Amino acid sequence: MRLPETSVKRPVATLMVFVAIFIMSVVSVFFLKIDLLPEIEPPAISIIIPYPGASASDVESDVTKYIEDQMTGVNNLDSLYSISKDNLSVVTCKFTWGTNLDVAINDVRDKLDMAKYDVKKHAPDADEPIVFKFASATMPILVLSITATESYK
């Protein structure tokens with residue numbers, strides 16, 4: 001029971017402790033940088049190739065297979081994922097943390113240039129590939145979905 005006794009016997013000292021805590025709080029609010037969603041760059045690069053009018057199996061055999069074969073030779077590659085859908089092929093290259101993505105994207109483009117010949121030979125209607133580098137700035141802040149039981153007349 002020493003703390004209550006000290007607080008009652010020395011009210012000025014107690015007030016000074018609370019004033020000091022208040023001043024440190026105000027300084028913290030205004031001067032400390034608080035970032036709830038820090039800007040990080042996940043080490044991932046996606047290659048998106050539209051192939052209009054093709055089924056998922058055609059996309060996989062004519063486009064995705066050749067892109068995957070070339071991307072396995074990229075330096076610092078941690079894992080390789082691909083999705084073949086109707087009309088679309090998406091190949092995602094995930095790199096080890098700490099990899100310089102500017103260098104990695106150049107390596108990916110070089111390997112992609114080698115794969116373009118095979119893709120054009122087997123899928124002449126496939127569009128040009130799009131190379132997409134992930135960044136936290138491109139992620140949505142809020143995803144909102146609204147549903148109702150009633151319909152608009």
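Both backbone and side-chain heavy atoms feed into the values below; hydrogens, waters and symmetry mates do not. Note that this is a predicted model, so its numbers are computed, not measured.
- Remark: Glu60 pairs with Ser84 by the side-chain contact (heavy atoms from CB on, under 4.5 Å) rule, at least two apart or across chains.
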Donor-acceptor pairs under 3.5 Å, side chain of residues 99-107 to any protein atom, not counting sequence neighbours: which ones?
residue, atom, partner, partner atom, Å
Thr99, OG1, Thr96, O, 2.7
Thr99, OG1, Thr96, OG1, 3.0
Asn100, OD1, Asp102, N, 3.1
Asp102, OD1, Lys133, NZ, 3.3
Asn106, ND2, Asp102, O, 3.3

* **Val27/Val29 under side chain to side chain contact (heavy atoms under 4.5 Å, CB included): CA gap, chis, key distance, verdict** => CA-CA 6 Å; Val27 168; Val29 166; over 6 Å; no
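- Of all heavy-atom pairs between Ile49 and Pro129, the closest is CG1-CB, 3.6 Å.
- Val17 and Val8 are not part of a single hydrophobic cluster, where members link through side-chain heavy atoms under 4.5 Å apart.
- Environment of NZ in Lys85: sparse, with no more than 12 heavy atoms of neighbouring residues, nucleotides or ligands closer than 6.0 Å.
- At a threshold of 4.5 Å between non-hydrogen side-chain atoms, the residues Asp127 and Pro52 count as touching.
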* Hey, mind stepping through Asp86 and Val59 against side chain to side chain contact (heavy atoms under 4.5 Å, CB included) and telling me if it holds? -> CA-CA 7 Å; Asp86 291 341; Val59 169; over 6 Å; no
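- Annotation: ring pair (Phe, Tyr, Trp, His ring centres under 6.0 Å) contacts involving residues 68-127, sequence neighbours excluded, comprise Tyr66-His122.
- If you take CG on Leu15 and CZ on Arg10, they are separated by 14.5 Å, rounding to the nearest 0.5 Å.
- The distance from atom CD1 of Ile67 to atom NZ of Lys116, rounded to the nearest 0.5 Å, is 9.0 Å.
- For Glu68, the side chain to side chain donor-acceptor pair (under 3.5 Å) criterion is met by Ser82, not counting sequence neighbours.
- Residue Ile48 holds its CD1 atom at 6.5 Å from CZ of Phe132, rounded to the nearest 0.5 Å.
- Two residues are said to be in side-chain contact when any heavy atoms from C-beta on lie closer than 4.5 Å; Thr64 and Val91 meet this criterion.
- To the nearest 0.5 Å, atom NZ of residue Lys111 and atom CE of residue Met71 are 8.0 Å apart.
- Within the 4.5 Å cutoff, side-chain heavy atoms of Val131 are placed close to those of Ile45.
- The cluster map of Ile, Leu, Val, Met, Phe, Trp and Tyr, joined by side-chain heavy atoms under 4.5 Å apart, puts Val108 and Ile130 in different clusters.
- The side chain to side chain donor-acceptor pair (under 3.5 Å) search around Ser57 returns Ser55, not counting sequence neighbours.
- Note that OG1 of Thr72 is 8.0 Å distant from CG of Leu77, once rounded to the nearest 0.5 Å.
- For Ala123, the side-chain contact (heavy atoms from CB on, under 4.5 Å) partners two or more places apart in sequence, or in a different chain, are Tyr51, Asp62, Val63, Ala126.
- Note that CG of Asp69 and CE of Met114 are 12.5 Å apart. Values are rounded to the nearest 0.5 Å.
- Contact annotation: the side chain of Lys94 never approaches that of Leu80 to less than 4.5 Å [non-hydrogen atoms, C-beta and beyond].
- Considering all non-hydrogen atoms of both residues, Thr14 and Ser7 come closest at OG1-CA, 3.3 Å.
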